[in-house]
Amino acid sequence: MLILILFIISSILFGSYLIGPFSIRVYVAIALIIYLLYKRIVRKNHFNLPYSSIWIYLLFLFFTLIAKIFSGPFEIDGFFKDLFAMHLIAITSYIAIDLLVKHPKQIRAILILLIIIGLFNSIVSILQYNGNATGFIISQFFATSEIQYISDLETRFLTSSELQLGAFAVPGIFGHGASNGGMNATLSILSLYFIFGKDRRLWWIALIIFIIGAIGSFVIQERSPMGLLAIFALLIIWKYSPKRLLILLCAIGCFILFYFDLFSSLNPEKIGRFADITKFGSDRQQLAQNAIVFISDHWFLGGDYLYHQIYGLTPHNFILHAFIYSGLFGALTVFALFIKIIIDAGKIFIHDKIGFPAFFFGCALVIFLANGFTHSSSLITGDNIIWLLYALMLHDVQLERKQS
């Protein structure tokens with residue numbers, strides 16, 4: 001279990017901390033893979049989780065390889081770097097949860113670890129938003145490959161007297177504002193388990209943690225993660241709280257809003273980018289248009305390397321990115337995988353009546369996946385957090401059934 005905890009910490013926090021040619025995440029992953037082979041081959045540990053999603057994922061990677069080879073310039077180093085540093089580690093997460101987690105208490109230990117990481121990131125993000133140098137020092141420690149980027153942000157923030165809320169991308173401990181927004185919302189929702197879930201002994205501590213997480217998401221100023229965090233928080237409140245309490249909270253909230261006339265004070269200087277939360281910016285429109293033009297000419301095989309040579313940034317949309325990254329067959333395969341994961345989470349949303357961790361893992365998982373429709377991180381990029389949450393969600397259901 002210790003090696004699994006070290007792997008989770010390194011895979012989430014030290015993916016950009018380089019030692020030699022590789023990150024700490026890769027070195028710990030290699031050690032974990034060796035240990036998993038020992039558990040499976042020597043100790044004869046059996047697989048318990050379904051592996052159809054892993055096979056679909058491998059098929060997607062195969063179609064991606066074929067597409068990259070035949071679509072034009074093939075950056076072999078770039079592909080295999082992503083394959084081993086991202087996709088292999090994501091698969092390792094799934095297998096590790098299956099083979100090494102044997103009891104619901106271990107699931108809860110990992111849940112607490114993820115909550116602590118989210119709390120830590122929120123605090124660092126708030127420090128950075130307030131111009132505290134300590135926040136930037138911590139950020140540079142976790143992302144050695146992003147030191148120059150973070151340093152430039154710090155200089156820009158501290159030297160500009162005209163910089164307003166929303167004009168500054170708070171990187172947190174994840175190295176970039178966009179990544180930080182998605183991860184912070186994903187991890188922050190998990191604390192609600194100790195408020196509305198089966199185990200409510202620490203509800204008041206969890207409430208403080210969630211409030212800090214929500215404030216962290218606000219200062220990060222990424223709109224879609226913040227919106228998804230709010231939506232799923234309301235879903236959890238609706239599902240698990242007594243309806244009389246819910247009606248009372250809504251009444252108190254409306255009274256506060258109208259009594260203090262908070263709606264009239266919502267201006268860009270006070271809420272930053274959230275003043276334009278329903279608007280699709282010109283930059284995003286241009287990214288989408290670029291992607292559509294490129295796909296119309298390269299719909300069969302895509303052409304990730306060629307696309308970046310012409311346009312630079314990814315289209316910040318899971319669907320468009322899939323066609324560019326892996327062509328028609330790769331895109332259809334990853335769409336099927338996405339639908340399967342959503343269905344698996346949806347089944348838990350419908351049937352869970354008690355408040356097991358699986359429900360909250362599912363909420364976090366869907367937040368991250370849905371955020372991929374407005375940002376780059378998704379199943380395509382091989383983000384480890386997806387497969388970690390997916391495995392925890394499925395395995396928690398199995399373990400709870402065995403225990404009951």
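When reading the values below, keep in mind they use all heavy atoms of this one structure, side chains included, and skip hydrogens, waters and symmetry mates.
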Review item, side-chain donor-acceptor pairs of residues 39-46, under 3.5 Å, at least two apart:
from : atom 1 : to  : atom 2 : distance (Å)
R40  : NH1    : N45 : O      : 3.2
K44  : NZ     : I41 : O      : 3.3

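- Residue pairs meeting the side-chain hydrogen bond (donor to acceptor under 3.5 Å, both in side chains) criterion with at least one member in residues 83-96, sequence neighbours excluded, are Y57-H87, S93-N384.
- Counting heavy-atom neighbours within 6.0 Å of F335 CZ, excluding the residue itself, gives a total above 12.
- Residues passing the side-chain hydrogen bond (donor to acceptor under 3.5 Å, both in side chains) test with Q106: none are found, sequence neighbours excluded.
- Residues passing the salt bridge (charged side-chain N to carboxylate O under 4.0 Å, His left out) test with D304 are K68, sequence neighbours excluded.
- Scored by the side-chain hydrogen bond (donor to acceptor under 3.5 Å, both in side chains) test, Q398 finds H395 as partners (sequence neighbours excluded).
- Screening residues 389-404 for salt bridge (charged side-chain N to carboxylate O under 4.0 Å, His left out), with sequence neighbours left out, gives R108-E400.
- For the salt bridge (charged side-chain N to carboxylate O under 4.0 Å, His left out) condition, no pair includes a residue of residues 327-337, sequence neighbours left out.
- With sequence neighbours left out, F62 forms a ring pair (Phe, Tyr, Trp, His ring centres under 6.0 Å) with no residue at all.
- Contacts of S326 classified as side chain to side chain contact (heavy atoms under 4.5 Å, CB included), with partners at least two apart in sequence or in another chain: F60, T64.
- Residues passing the side-chain hydrogen bond (donor to acceptor under 3.5 Å, both in side chains) test with H103, sequence neighbours excluded: none.
- Take D199 and apply the side-chain hydrogen bond (donor to acceptor under 3.5 Å, both in side chains) test, not counting sequence neighbours, and it matches R201.
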Check: residues 49-56 side-chain donor-acceptor pairs under 3.5 Å, at least two apart:
from : atom 1 : to   : atom 2 : distance (Å)
Y51  : OH     : D98  : OD2    : 2.7
S53  : OG     : K340 : NZ     : 3.4
S53  : OG     : Y390 : OH     : 2.9

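- Here the CZ-CG distance, from F210 to L190, works out to 11.0 Å after rounding to the nearest 0.5 Å.
- A side-chain donor from one of N180 and S125 sits under 3.5 Å from a side-chain acceptor of the other.
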